[in-house]
Amino acid sequence: MTNPDFAALVRGIEPLRACFIVEAASGALHREFTRGPMPVEPAAVARAVAGLARAQTDIVGLAEPATLCTLEWPSVRVIVRSVSASALVIFFFEADTKLGVARMHITNIVDELDALLPSTRPQTMRAMPSVAAPADVEPSPAPEPEPEPAPEPAPATSPSTDPSSSRGQRLLAYLDENAPDTHAALLRVSLQTGLPLSLLKSPEKLSGDEFEQVTASVRRILGVEQLPL
Amino acid sequence: MNFDIDAARLHLAEHEMDFLAGSPVVAHCHHFNLFWDQTMDDALGEEAGRRVRTVAAHKSSYRLLQSLADEVGATTPVERLRLAGGVFSAMGHGKLHLAVGRNGGLVRGEQLHYGFGWREKYGGTLTRSAPADAFATGFSAAATEVAYGLDPGSLAGNEERCIVDGSAGCNIRVSANGAEPLLPLGVDPQSARDVLPPPFDGLYEDQIGPVVSGLRDFLSGVAGDERGVIEAFGVLVTAHLADYYNHAANDVLEIIARDKPHGVEAFRGLLLEAGQSCAFHTFGGVLASPEWEGMVGAPTGDPLEVVIGCVSLARAFGFGRWAIEEFEPGKRLVMTSPGTYESLFSRLISADAAQGPGGIFVGAGIGIMQLAHDVTWVPRPSIDGALYLELARTNPWHVEQDSSFAGGDVLDRIVVTRR
Amino acid sequence: MMSMLSPRFARDVGCRADLMWRCDLEDPSRSSAFVDTATTDEFVAVPEATRMGVAVFEEPVSGHRVVVVLRTGRVQVRLDALTPADTRAREAQRVFERLQSVEAP
């Protein structure tokens, strides 16, 4: 789920072990960067921290982008910052990082993170078939105007790079990560291609021609000309 | 022209179905409508899918508009075009400016439901070039034919510009080119009375009845505003021609059963998904709305209360006389109906009724159980897309339809159980 | 003078992004008084929608509506359906601030 721009931005922060962008309302993961193994499961942390942020806004309200909380765990320091009414960034620093240094790094990149949001939000938004999240987040009284959307909102994540997986598996894993109504995506591929669901559930068995059909279907579902595969 | 939609509405109370000038109408939100259209296009490709949807709209709209013109005594083309524009807006589909003559012309659309809904839902995240408003397109062709006394299929519509690609507005060209004769078949109140079995009571009717009555009272005052937009319970909704969905799904099913039979399972799966999504989002959204809180009271989290609310909503939306045969919280729900707006069409109109596509009744069964058991209602519900996706991935509910009115059985019956 | 609304203002369940917002009256028993006081030139009553236990009033210039559940004191700010997405949060906040200025009679 690593986005190249996002990764490039945060990779340069040496004491940073991981960084996630999550939707404030749901905790859904937008972007993920990790450097080496993590002692915690990112999605679980994202959900928990989003809940914490919501609880905080219940108590004190939230009007401006701000640092919401700092957690000092034995293995890591966690800083949660809001960058818009709908997104949080969770930074995981080495446990011995001084808080002032951590905050300095965050300050240095937060504007650029903000600029990334329009291209990061779609992934979750596309995955939401309907009702808007009832986030317990106060509206920003004067939100910053968002940059124009990219001409073609290409799916943000990179494909699975598991070398042992087949290209069919990688293709459908990519679809699963990026499709709107992702739980229905395989049905859509089956309907578009006429290939049986049983075959699509074993994508390593796709023939060359079938793989091409599925590729065209994935492109159509994602609304893109090219896939980063 | 403001059109009084309630004056032309016939409520078939015993079967909880509504008819507008003799054509069945149901309430559906833009999420369901977009997903439905998308499924048709998935089945056939964008161009062929749009063609089938446009024809479905054309057929169903022609029936509506011809009957409506007869009922209200609109005789001149001007009167009939005004009537068509009025009913289109009253049904919540947006606003049409019908600058058409006997040979066609140009129709300008504003806030057309599908394009507007698509842009609202996906506009910030997906790109699209294929126009979205097949319903308005078929409707425009039918309106022109009815206005000038032409046979159905004399004209055809084509949406040349649509806001989904960033255009400022929607333009529909109506012309004689490429038109084929159409047979505007559809369900009517009398045939519904004739073929549907006598209604029967389920459990908790003493609680369902008053809620349905209250909902109907509330909905009787709901119609499109001057822009042709309906917001009921905070949901962007249409009063839609049931036979638009039915014609499209039946035609598509017929084609894919012939041309790519392996896709049939997926097609049915996606129609079921549409029904599930409708129940979760629309029923759930209504249950969480201030209007529901004022009328019935905010849901307390009691699963039975949610099931009763959803069955009441299905009835009030014209889906049919859904009833609860059994309900065991956490375990099992059995729902029956003498028929639904889908199975009634299949029984009456489809070439192969036994294979009728269906989906709303079966899919809603799962959606209702998710709402009843998997949503935290207190202190405040969180009925959103993220939860829906999460529940879809971990769905513990399994549904079977063991009796199909479309297929010749005496009623529709589904059984939802925990896996 | 005290606002009749509690200070918490958050997104409400809604079928489209950022159109529904929620706040609550400090004292639900004063719902009718709140509706009476809030109905001014800026907010006009919508009689056809004011039924079934809710009161509805509208800001004519914007089309935004305010729905008050009389029994519970829940207040929903329902932005007009055509409100541009990038202005919704700001518009909601503006309406909320206006409602906050409604003082107990």
Side-chain angles (χ1 to χ4, degrees), chain B residues 29-32 92 94 110-111 113 116-117 119-121 123-125 211 213-237 281-282 284-298 375 377 379-385 387, chain C residues 5-6 8-25 28 31-32 34-35 45-58 60 62-89 92 99:
Chain B
C29 77
H30 74 293
H31 299 291
F32 177 88
E110 295 174 18
Q111 288 86 239
H113 174 75
F116 176 63
R119 200 167 68 170
E120 173 73 31
K121 183 172 182 179
T125 60
V211 177
S213 178
L215 284 166
R216 287 204 161 276
D217 191 25
F218 179 84
L219 291 169
S220 69
V222 173
D225 61 17
E226 68 277 7
R227 302 167 302 184
V229 175
I230 299 179
E231 281 198 288
F233 302 99
V235 176
L236 185 64
V237 70
H281 293 295
T282 308
V286 173
L287 293 180
S289 70
E291 286 88 345
W292 186 270
E293 188 170 319
M295 186 170 65
V296 181
V375 169
W377 290 94
R380 293 179 187 182
S382 174
I383 300 167
D384 57 28
L387 177 61
Chain C
L5 290 172
S6 40
R8 184 171 177 274
F9 185 55
R11 288 183 183 82
D12 205 351
V13 170
C15 121
R16 285 150 295 151
D18 296 348
L19 283 177
M20 309 293 165
W21 298 78
R22 174 175 178 152
C23 48
D24 291 272
L25 289 170
S31 297
S32 295
F34 174 75
V35 171
V46 185
E48 67 273 18
T50 298
R51 55 202 176 119
M52 316 299 284
V54 298
V56 181
F57 46 96
E58 180 175 294
S62 64
H64 304 327
R65 288 188 170 190
V66 179
V67 184
V68 182
V69 182
L70 296 173
R71 194 165 36 155
T72 63
R74 173 182 174 184
V75 178
Q76 184 178 70
V77 173
R78 188 173 285 176
L79 299 181
D80 180 70
L82 303 189
T83 307
D86 59 353
T87 66
R88 290 175 185 174
L99 295 175

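Order of the sequence lines sets the chain letters (A, B, ...), proteins ahead of strands, with each chain counted from 1. Model, not experiment: these values are computed from the prediction.
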#### Entry: Part of B:Phe233 lying under 4.5 Å from any heavy atom of chain C
backbone
### Query
Which one of C:Arg88, C:Arg11, C:Arg78 satisfies the salt bridge (charged side-chain N to carboxylate O under 4.0 Å, His left out) criterion with C:Asp18?
C:Arg11
### Query
For B:Glu291, is it the side chain, the backbone, both, or neither that has a heavy atom closer than 4.5 Å to a heavy atom of chain C?
both
### C:Ala85 portion near chain B, given a 4.5 angstrom heavy-atom threshold
neither
### Task
Would you mind checking which part of B:Val229 comes under 4.5 Å of any heavy atom in chain C, side chain (CB onward), backbone (N, CA, C, O), both or neither?
side chain
### Query
Is it true that a side-chain atom of C:Arg51 and a backbone atom of B:Asp217 form a donor plus acceptor pair closer than 3.5 Å?
yes
### Message
I need the residue from B:Gln111, B:Glu120, B:His30, B:Met295 with the largest number of non-hydrogen atom pairs under 4.5 Å to chain C.
### Response
B:Glu120
#### Entry: Any residue meeting salt bridge (Lys or Arg N to Asp or Glu O under 4.0 Å) with C:Arg22, in chain and number order, not counting sequence neighbours
C:Asp24
## Note on the structure
Of the listed B:Gly117, B:Cys29, B:Ser289, the one with the largest count of heavy-atom pairs under 4.5 Å with chain C is B:Ser289
### Task
Name all residues meeting the side chain to side chain contact (heavy atoms under 4.5 Å, CB included) criterion together with B:Ala298; count only those two or more places apart in sequence or in a different chain, and write none if there are none.
B:Glu293
### Query
Short question: side chain of C:Arg16, backbone of B:Gly234 - any donor-acceptor pair under 3.5 Å?
yes
